[in-house]
Amino acid sequence: MRAEFDDNLITGNEMIDSQHKELIGKINDLLAACETDKGTEEVIKTIDYLKKYTEFHFGQEEKFQEEISYPGIKEHKQKHEEFKGTVNTLEEMAQKGVSEEFIGLVQKQVIDWLYYHIKTFDRSVAEYRFIRENPDRL
């Protein structure tokens, strides 16, 4: 199964939404690498890029949260750390080769986690920003 960016994942923050699209694209690249005969080398290379992009994206999100004084930033950062741990686990697993367990982890702990995170945590940040910037609309 491939990840897909759809309207349910839109937060309303163009920077964050475009980064989510890029992140989902990288996850799909990882799944595609699992299916090719390029094997472990391509998977590890893709995980490395995903790891770097995740660091960049989470850094951008956290900086934005600090700028708007988002009250849930501590919990949000903890969730980001969980995801980074998952990517590290994938990296370790990939060293041993791609398995059904590896692909299952990508589905459950990467795609499903990311969808849930965007729909709850990231959307909450966007709603907080909107309320903060539009108090007269409440």
Side-chain angles (χ1 to χ4, degrees):
M1 178 184 167
R2 295 287 195 262
E4 183 179 335
F5 187 90
D6 61 25
D7 290 349
N8 292 320
L9 300 176
I10 294 173
T11 66
N13 180 306
E14 287 183 38
M15 177 191 72
I16 300 300
D17 288 340
S18 69
Q19 290 178 10
H20 286 159
K21 288 176 189 175
E22 176 76 10
L23 191 55
I24 286 171
K26 294 305 162 204
I27 292 166
N28 286 332
D29 289 348
L30 175 60
L31 290 169
C34 291
E35 296 169 352
T36 66
D37 59 356
K38 294 178 183 175
T40 304
E41 183 180 319
E42 185 68 21
V43 170
I44 291 170
K45 185 175 143 184
T46 306
I47 289 173
D48 186 54
Y49 184 89
L50 179 62
K51 194 174 183 176
K52 289 174 184 169
Y53 194 80
T54 299
E55 284 287 335
F56 165 75
H57 170 66
F58 288 164
Q60 293 289 300
E61 277 191 359
E62 291 168 7
K63 180 181 175 191
F64 174 69
Q65 291 174 38
E66 288 169 3
E67 288 171 0
I68 65 170
S69 301
Y70 179 63
I73 191 170
K74 182 178 177 184
E75 184 181 11
H76 205 123
K77 283 182 176 184
Q78 288 173 336
K79 294 299 178 185
H80 287 170
E81 291 303 314
E82 287 175 18
F83 189 81
K84 289 177 193 177
T86 297
V87 175
N88 287 334
T89 299
L90 286 173
E91 186 175 45
E92 292 169 13
M93 289 176 74
Q95 300 290 335
K96 299 172 187 166
V98 175
S99 64
E100 290 298 319
E101 181 185 7
F102 178 89
I103 294 170
L105 186 63
V106 172
Q107 178 64 50
K108 184 172 175 51
Q109 296 297 322
V110 176
I111 296 173
D112 293 350
W113 183 95
L114 186 62
Y115 283 174
Y116 177 79
H117 183 78
I118 293 170
K119 290 177 184 179
T120 56
F121 286 88
D122 291 345
R123 191 164 289 148
S124 175
V125 174
E127 289 169 359
Y128 176 79
R129 176 184 177 206
F130 179 82
I131 290 168
R132 226 178 107 111
E133 293 177 355
N134 299 285
D136 56 319
R137 296 189 69 190
L138 295 178

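Index from 1, following the sequence.
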May I ask you to say whether [X] pairs ionically with [Y], meaning some side-chain N is under 4.0 Å from a carboxylate O?
{"X": "Glu55", "Y": "Lys52", "result": "no"}
{"X": "Lys77", "Y": "Glu66", "result": "yes"}
{"X": "Glu81", "Y": "Lys84", "result": "yes"}

(request) Apply side-chain contact (heavy atoms from CB on, under 4.5 Å) to the pair Glu4 and Ile24, showing each step before the final yes or no. (result) CA-CA 7 Å; Glu4 183 179 335; Ile24 286 171; 5.8 Å; no

Return the minimal non-hydrogen interatomic distance between [X] and [Y], and the atom names on each side.
{"X": "Leu90", "Y": "Ile47", "answer": "O-CD1, 3.7 Å"}
{"X": "Ile16", "Y": "Glu61", "answer": "CD1-CG, 3.4 Å"}
{"X": "Thr40", "Y": "Ala94", "answer": "CG2-O, 2.8 Å"}

Check: [Y] and [X] side chains under 4.5 Å, non-hydrogen atoms:
{"X": "Tyr128", "Y": "Gln65", "answer": "no"}
{"X": "Tyr53", "Y": "Gln19", "answer": "yes"}
{"X": "Ser69", "Y": "Arg132", "answer": "yes"}
{"X": "Phe102", "Y": "Lys96", "answer": "no"}
{"X": "His57", "Y": "Glu22", "answer": "no"}
{"X": "Arg2", "Y": "Leu31", "answer": "yes"}
{"X": "His117", "Y": "Asp122", "answer": "yes"}
{"X": "Leu23", "Y": "Leu50", "answer": "yes"}

Atom pair [atom1] ([X]) and [atom2] ([Y]), whose distance is rounded to the nearest 0.5 Å:
{"X": "Glu127", "Y": "Ile131", "atom1": "CD", "atom2": "CD1", "result": "6.5 Å"}
{"X": "Ser124", "Y": "Arg129", "atom1": "OG", "atom2": "CZ", "result": "14.0 Å"}
{"X": "Met93", "Y": "Ile44", "atom1": "CE", "atom2": "CD1", "result": "12.5 Å"}
{"X": "Thr46", "Y": "Asp29", "atom1": "OG1", "atom2": "CG", "result": "6.0 Å"}

(message) Run the side-chain contact (heavy atoms from CB on, under 4.5 Å) test on Leu105 and Val110 for me, step by step, so that the C-alpha distance in whole Å, both residues' side-chain angles and the decisive distance to 0.1 Å come before the verdict.
(response) CA-CA 7 Å; Leu105 186 63; Val110 176; 5.8 Å; no

Do [X] and [Y] share a hydrophobic cluster (ILVMFWY, side-chain heavy atoms under 4.5 Å, transitive)?
{"X": "Ile103", "Y": "Leu30", "value": "yes"}
{"X": "Phe83", "Y": "Ile73", "value": "no"}
{"X": "Phe56", "Y": "Leu114", "value": "yes"}
{"X": "Ile111", "Y": "Ile10", "value": "yes"}

(message) Which label fits His20 and Phe5: parallel for a plane angle under 30°, tilted from 30 to 60°, or perpendicular past 60°?
(response) tilted

(message) Run Asp112 and Tyr116 through side-chain contact (heavy atoms from CB on, under 4.5 Å) and show every step you take.
(response) CA-CA 6 Å; Asp112 293 350; Tyr116 177 79; over 6 Å; no

(message) Using a 3.5 Å distance criterion without hydrogens, assess whether the side chain of Asn134 forms a donor-acceptor pair with backbone atoms of Asp136.
(response) no

(message) If only side-chain N and O atoms count, and only distance matters, is there a donor-acceptor pair under 3.5 Å linking His76 with Glu62?
(response) no

(request) Answer with yes or no whether the side chains of Thr11 and Asp17 bring together a donor and an acceptor at under 3.5 Å. (result) yes

Give a yes or no on this: more than 12 heavy atoms of other residues, nucleotides or ligands lie within 6.0 Å of atom [atom1] of [X].
{"X": "Glu133", "atom1": "CD", "result": "yes"}
{"X": "Glu67", "atom1": "CD", "result": "yes"}
{"X": "Lys119", "atom1": "NZ", "result": "yes"}

(message) Taking the ring of Tyr70 and the ring of Phe64, is the distance between their centroids below 6.0 Å?
(response) no

(request) Kindly confirm or rule out a cation-pi arrangement of Lys26 over Tyr49, judged by NZ or CZ under 6.0 Å from the six-membered ring centre and within 45° of its axis? (result) yes

(request) Decide side-chain contact (heavy atoms from CB on, under 4.5 Å) for Val125 and Ile68; before the verdict, give the C-alpha distance in whole Å, the side-chain angles of both, and the deciding distance to 0.1 Å. (result) CA-CA 9 Å; Val125 174; Ile68 65 170; 4.0 Å; yes

